[in-house]
Amino acid sequence: NLDDVEFKPYDCLKKYTGSVGYLLLLKDNRLCSATTKENWIKIYEKVKTSVDIGENGEKANYKYSISLTLSEHKKPITSMIQLENDLLISASKDENIIIWESTENIFKKLDCLQAHKGGVCSLCQLKDNKFVSGGADGNITLWKNNDINNKYFFFHTINGAHKGKIRCLILLKNNNLCSAGDDGYIKVWKENDNKYEIFWSAQIKNEMISCLCELKNGFLLIGSNNPKNMETANLRVWEENKNVFEEKEIINKHYKRIKSIIELDWGNVASAGEDGVIIIWKSGVISD
């Protein structure tokens, strides 16, 4: 509840098998969730339950309830995005990408794309309702629609972009695409005639990369860990210099793999990991 001075539990949704692997806030403020063991997507909406009358007037109470369950995937979901045209895109370990179309708040399967052998690991929205997927096969595929019935097809594939699973795909502020994964490489791809070509790359040796986040001030934050020592994890701070990145700082505060990094406000950052800890980093200098 953001109305309180401190964060307090507002609602707790417990009906899951396995850990919750992915969350997505839709444009209509409904909440999508997916787990690491189940193969469906749950969509919650905020529902008013009661109204309390106090000295400061009326205060409504709410809870989140399931409004819809999407169950077309055959294996757990790995990533979800919503495009500018409101289509919901979900990717799964079943090697498929499903396009969902919303009609009167009900999502129905519009199309199913056979994507990457071994499973789809990551998705990223591009401009003009295009998107890109990264696979367990180390390939990156770019998808666009035909502008008639929202049917999507691949128009470019970067074969062998990485060796191993591509865990992270983000679009940088300059519209370059940034990818990273199990091979420890961070690669920046520049668009050229509707195709992406390698612009710059660097490797974090002996480490796997689990998440990326670009801050408004141009810093790139990287979650990485040594697969031979899962009890340590690094939050790496890289600084942009002439469209490439240079390592500035390494922070060791998480004790297991970092799964998510987000920017809260100007310079403030939150990181969360498999150690069950959320760390808030102060504005300006990255310090806990």
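Every value quoted in this text rests on a predicted model; they were computed, and no experiment measured them.
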Donor-acceptor pairs under 3.5 angstrom involving side-chain atoms of residues 21-37: please list them, not counting sequence neighbours.
unit_1: Tyr22; atom_1: OH; unit_2: Met80; atom_2: O; d: 3.4
unit_1: Lys27; atom_1: NZ; unit_2: Leu83; atom_2: O; d: 2.8
unit_1: Lys27; atom_1: NZ; unit_2: Glu84; atom_2: O; d: 3.1
unit_1: Lys27; atom_1: NZ; unit_2: Asp86; atom_2: OD1; d: 3.2
unit_1: Asp28; atom_1: OD1; unit_2: Arg30; atom_2: N; d: 3.1
unit_1: Asp28; atom_1: OD2; unit_2: Arg30; atom_2: NE; d: 2.9
unit_1: Asp28; atom_1: OD2; unit_2: Arg30; atom_2: NH2; d: 3.2
unit_1: Arg30; atom_1: NH1; unit_2: Asn105; atom_2: O; d: 2.9
unit_1: Arg30; atom_1: NH2; unit_2: Asn105; atom_2: O; d: 3.2
unit_1: Ser33; atom_1: OG; unit_2: Tyr16; atom_2: OH; d: 2.6
unit_1: Thr35; atom_1: OG1; unit_2: Thr17; atom_2: O; d: 3.3
unit_1: Thr35; atom_1: OG1; unit_2: Lys37; atom_2: N; d: 3.3
unit_1: Thr35; atom_1: OG1; unit_2: Glu38; atom_2: N; d: 2.9
unit_1: Thr35; atom_1: OG1; unit_2: Glu38; atom_2: OE1; d: 3.3
unit_1: Thr36; atom_1: OG1; unit_2: Ser19; atom_2: N; d: 3.4
unit_1: Thr36; atom_1: OG1; unit_2: Ser19; atom_2: O; d: 3.4
unit_1: Thr36; atom_1: OG1; unit_2: Ser19; atom_2: OG; d: 3.1

(request) Report the distance from atom CD of Glu249 to atom CD of Glu247, rounding to the nearest 0.5 Å. (result)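 Those atoms lie 9.5 Å apart.
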(message) Return the CD1 to OG distance between Ile250 and Ser224, rounded to the nearest 0.5 Å.
(response)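 Those atoms lie 7.5 Å apart.
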(request) May I ask you to decide if the ring planes of His162 and Trp189 are parallel, tilted or perpendicular, using 30° and 60° as cut-offs? (result)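 Perpendicular.
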(request) Return the orientation label for the Phe154 and Trp143 ring planes: parallel under 30°, perpendicular over 60°, tilted otherwise. (result)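 Phe154 and Trp143: perpendicular rings.
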(request) State whether the side chain of Asp94 and the backbone N or O of Asn96 hold a donor-acceptor pair below 3.5 Å, judged by distance alone. (result)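 Between the backbone of Asn96 and the side chain of Asp94 there is a qualifying donor-acceptor contact (under 3.5 Å).
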(message) Donor-acceptor pair, distance only, cut-off 3.5 Å: does the side chain of Lys144 make one with the backbone of Phe155?
(response)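 Not a single qualifying donor-acceptor pair exists.
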(message) Testing Lys190, Glu191, Lys187 one by one against Tyr196 for a side-chain contact (heavy atoms from CB on, under 4.5 Å), which residue passes?
(response)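 That would be Glu191.
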(request) Could you check Ile258, Ile261, Ile186, Val237 and say which one makes a side-chain contact (heavy atoms from CB on, under 4.5 Å) with Ile222? (result)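 Passing option: Ile186.
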For [X] and [Y], does a side-chain donor sit closer than 3.5 Å to a side-chain acceptor?
{"X": "Asn225", "Y": "Asn234", "result": "no"}
{"X": "Glu45", "Y": "Ser67", "result": "no"}
{"X": "Thr49", "Y": "Asn61", "result": "no"}

(message) According to a hydrophobic-cluster definition based on side-chain heavy atoms being under 4.5 Å apart (Ile, Leu, Val, Met, Phe, Trp, Tyr only), do Leu212 and Ile166 belong together?
(response)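 No, Leu212 does not connect to Ile166 through the hydrophobic network.
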